[in-house]
Novice: 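I'd like to ask some things about the structure below.
Not measured: the values here are computed from a predicted model.
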Amino acid sequence: MELITILKKRRSQKNEVETVALLQDLIQQIDDPTLRDRILQETDKLIKQKKFGLVFEEHLPECTPLYDVPIRVGSKVALKTGYVSDIYTVVKIDSDKVLCDRRETHEQKIFKLDEIVVVAEFGEPIYPTLKLIDTVENAPDSDLWHTLIEADNYHALQLLEYLYAEKVDCIYIDPPYNTGAKDWKYNNDYVDSSDAYRHSKWLSMMEKRLKLAKKLLNPEDSVLIVTIDEKEYLHLGCLLEEIFSGETMQMVSITINPSGAKRDNLFSRSDEYAYIILFGNAQVVHPKGNGDEREVRWWYLRRTDYASRRGTVKGGVAQFYPIYVDDKTMKIVAIGEALKPEQSRFDVPAIEGATPVFPVRDDGVEMNWGITGDSLQQLCKEGVVRVSPGSKNQPYVFRYLSANYVDKIKSGRWAVRGLREDGTKIVVETEGKVTRTTTVWQNKSYDAGQYGTSVLGEIIGSGKFTFPKSVYAVMDTLKYFIANKKNALVIDFFAGSGTTMHAVNLLNSIDNGHRRCIMVTNNEVSADEAKALDEKGYRPGDKEWDRLGIARYVTWPRTVCSIKGCNIDGKPLDGNYGCNVEQYTEIEGEIVNPETGKKIRGKVYKKEKEPAYPELADLKMSDGFKTNAVFFKLSFLDKTSVALGRQFKELLPVLWMKGGAIGKCPALESDELPEMLILPQNKMAVLINEIYYSEFDAELSQHPEIQTVFIVTDSEIAYRSMIRAYDGKTCYQLYRDYLDNFRINTGR
């Protein structure tokens with residue numbers, strides 16, 4: 001009857017594919033195998049219908065197990081090891097036995113208390129809080145604290161929306177790639193290649209989270225970065241265009257495996273992709289040098305491409321002329337007239353003590369100069385033409401600065417730092433050399449094996465996490481957008497092994513930045529580990545199970561160890577963060593013309609290992625990072641208890657986060673509430689008992705550094721009256737602000 005009802009309800013709707021998805025999920029709950037197979041045959045006919053564009057199924061709402069929430073009569077529960085959307089209602093609790101009524105069939109079953117868990121369905125109002133798990137403090141004098149949150153990222157994003165709506169500068173995520181292996185879950189059930197709906201489930205999962213992510217990003221100036229492989233990049237691109245229509249979107253290719261991942265009978269895969277969505281005024285910050293001034297590039301005067309040889313239209317008829325160079329001083333003494341097409345370069349007038357020089361290649365081909373004689377004459381007067389020894393056919397080589405150098409000097413990008421002995425100007429780039437980055441990134445430091453897997457293995461041991469990103473690839477990606485934002489807020493809600501926070505710490509080390517990172521990851525165990533634990537009688541939520549989850553087994557240990565500068569055994573890490581890679585370095589030298597065998601001056605390169613990041617070469621891995629981090633688990637509060645002010649102690653970490661996570665997270669030692677909290681080290685204050693407003697106001701006047709004020713009162717009028725004197729401070733009314741947010745933040 002349930003299936004017939006849904007079909008009738010959905011028949012009039014345009015999205016018939018959604019009906020198929022809903023049926024597919026319901027069919028999995030049918031116990032009768034014969035009936036299940038018959039219905040599957042009918043739905044297969046619907047599956048074969050072709051659609052145009054990005055059409056995917058809206059699957060059954062996601063459900064989240066809430067292991068910390070006590071089970072009571074009326075609670076919605078599911079089996080810890082079952083299908084989490086197969087929901088029961090608790091009818092009766094008798095010691096450790098629980099009588100439950102199945103929602104779909106109203107069949108009643110008895111379970112043991114430790115076999116079931118309370119579940120929250122997508123769209124239900126939730127009242128989250130943060131439960132402290134651990135901290136690492138390597139900079140007691142710093143008020144910078146990063147955050148790791150263990151949680152289902154959908155509910156964590158709901159909390160982050162309350163905390164930082166439109167305040168986030170950068171979101172970087174590396175979602176599961178839907179490879180066909182058992183590497184991600186939907187509704188607490190692994191999605192693998194046998195699931196006909198794996199693509200639509202993936203899109204459904206991503207859509208919900210990206211819509212929340214959009215609410216976090218600063219619409220005036222922020223960026224969303226999503227990395228992906230070839231399995232889902234087309235689907236993801238369409239989804240991003242749909243959700244973020246009107247924003248600027250670009251995709252880059254990143255070589256993460258130079259040797260290639262073997263694919264039988266196919267090309268070996270070397271790269272992955274990154275979609276970049278730019279909001280408002282956000283733009284790429286092209287990389288500069290190490291900050292030191294360096295000489296600008298001088299252009300060679302002779303044209304190099306064969307299409308610009310003498311006599312061609314491209315070269316210009318007025319650009320084959322003699323340049324006379326004094327053989328003793330090696331200075332230009334005259335510039336002759338341009339030769340006519342029929343004139344020979346050997347018939348030009350002579351100047352005593354000077355050699356006439358033409359643009360001639362080593363193989364004798366006559367080329368053209370890059371500019372006219374008049375333009376060259378002007379640049380010579382300005383001291384921006386240099387002369388050096390050349391070869392037989394062209395005895396001297398000329399280099400020059402194009403005329404736009406004047407504009408660059410006026411803008412401050414370039415500057416003159418004196419004169420050389422030959423009288424030419426020394427011109428430098430004041431902020432280092434600007435390099436225009438393309439959409440293909442092939443830096444050796446982006447090798448995920450060497451600078452992802454190996455780095456992680458040195459810290460926490462090998463084999464604990466597959467395919468971590470290169471920390472340098474993530475750092476450089478962030479740098480393109482927040483290099484000029486030293487106080488940027490960065491969020492990664494698919495944190496994985498924790499590479500993003502590691503990268504943010506590296507970026508802060510380069511420029512003494514104060515960028516803050518919030519990471520979110522679940523605490524799932526692998527499919528093999530889950531099977532082994534289940535065989536031993538352990539269930540999700542048990543200590544033995546939780547300690548092997550990704551948040552506690554990988555993400556947090558990496559965070560702690562990278563900050564402290566040691567591995568999980570306490571041994572100092574080896575090496576530095578300069579990232580020594582093989583590079584070709586230009587040196588002065590001679591090269592041999594392969595046709596004539598003659599030696600000529602030119603560019604010579606030597607191959608050696610040099611730091612890809614000289615600015616990090618002095619940062620030893622054993623030094624760690626002068627920063628701090630806190631590890632929370634997302635938990636849930638009882639709405640009534642919050643409204644009555646009974647859970648302030650539990651809610652305090654959320655208030656700390658909303659106040660900017662400045663300084664160490666405060667904690668109350670006693671369950672007895674104080675009348676107020678004045679926390680200058682956290683730049684926040686809380687009036688808990690409004691009767692003491694006068695004392696609170698007096699205390700607050702002594703601490704101008706406090707920027708965030710929370711006032712607990714049921715009266716809107718009283719609240720408005722109390723905050724009247726707090727211009728310039730950010731104020732919130734508790735608990736109305738908190739409760740209202742999650743009552744309306746249902747995702748419907």
Novice: Look at the side chain of T555 and the backbone N and O of G496, then say whether any donor-acceptor pair between them is shorter than 3.5 Å.
Specialist: yes
Novice: Does a salt bridge link K215 with E166, judged by any charged N lying under 4.0 Å from a carboxylate O?
Specialist: no
Novice: Is K485 salt-bridged to D221, cutoff N-O under 4.0 Å?
Specialist: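 Salt bridge: yes.
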Novice: Do the side chain of E272 and the main chain of I254 share a donor and acceptor less than 3.5 angstrom apart?
Specialist: no
Novice: Y472 and Y446: ring pair (Phe, Tyr, Trp, His ring centres under 6.0 Å), yes or no, with the steps?
Specialist: CA-CA 6 Å; Y472 300 105; Y446 298 166; 8.5 Å; no
Novice: With salt bridge (charged side-chain N to carboxylate O under 4.0 Å, His left out) as the test, would you mind laying out the steps for R736 and E716 before giving the verdict?
Specialist: CA-CA 9 Å; R736 178 173 179 176; E716 176 75 14; 3.1 Å; yes
Novice: Under a plain distance cut-off of 3.5 Å, with no hydrogens placed, do T227 and Y273 share a side-chain donor-acceptor pair?
Specialist: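 No - no donor-acceptor pair under 3.5 Å links their side chains.
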Novice: Quick one: do W545 and Y67 satisfy ring pair (Phe, Tyr, Trp, His ring centres under 6.0 Å)? Show the steps, please.
Specialist: CA-CA 12 Å; W545 189 294; Y67 295 106; 9.0 Å; no
Novice: Kindly state each residue pair satisfying side chain to side chain donor-acceptor pair (under 3.5 Å) with at least one member in residues 676-689, sequence neighbours excluded.
Specialist: E675-N689
Novice: Please name all residues satisfying salt bridge (charged side-chain N to carboxylate O under 4.0 Å, His left out) with D546, sequence neighbours left out, ordered by chain then number.
Specialist: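 With sequence neighbours excluded, D546 shows a salt bridge (charged side-chain N to carboxylate O under 4.0 Å, His left out) to no residue whatsoever.
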Novice: How are the rings of Y726 and F696 set relative to one another: parallel (under 30°), tilted (30 to 60°) or perpendicular (over 60°)?
Specialist: perpendicular
Novice: Kindly indicate, with the supporting measurements, whether the criterion ring pair (Phe, Tyr, Trp, His ring centres under 6.0 Å) is fulfilled by Y162 and Y738.
Specialist: CA-CA 8 Å; Y162 167 65; Y738 173 83; 5.8 Å; yes
Novice: Taking only residues at least two apart or on different chains, which pairs with a member in residues 483-518 satisfy ring-ring contact (aromatic ring centres under 6.0 Å, His included)?
Specialist: H502-Y577, H502-F625
Novice: Does the plane of the ring in Y732 sit parallel, tilted or perpendicular to the ring in F710? Use 30° and 60° as the thresholds.
Specialist: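 Plane angle under 30°, so parallel.
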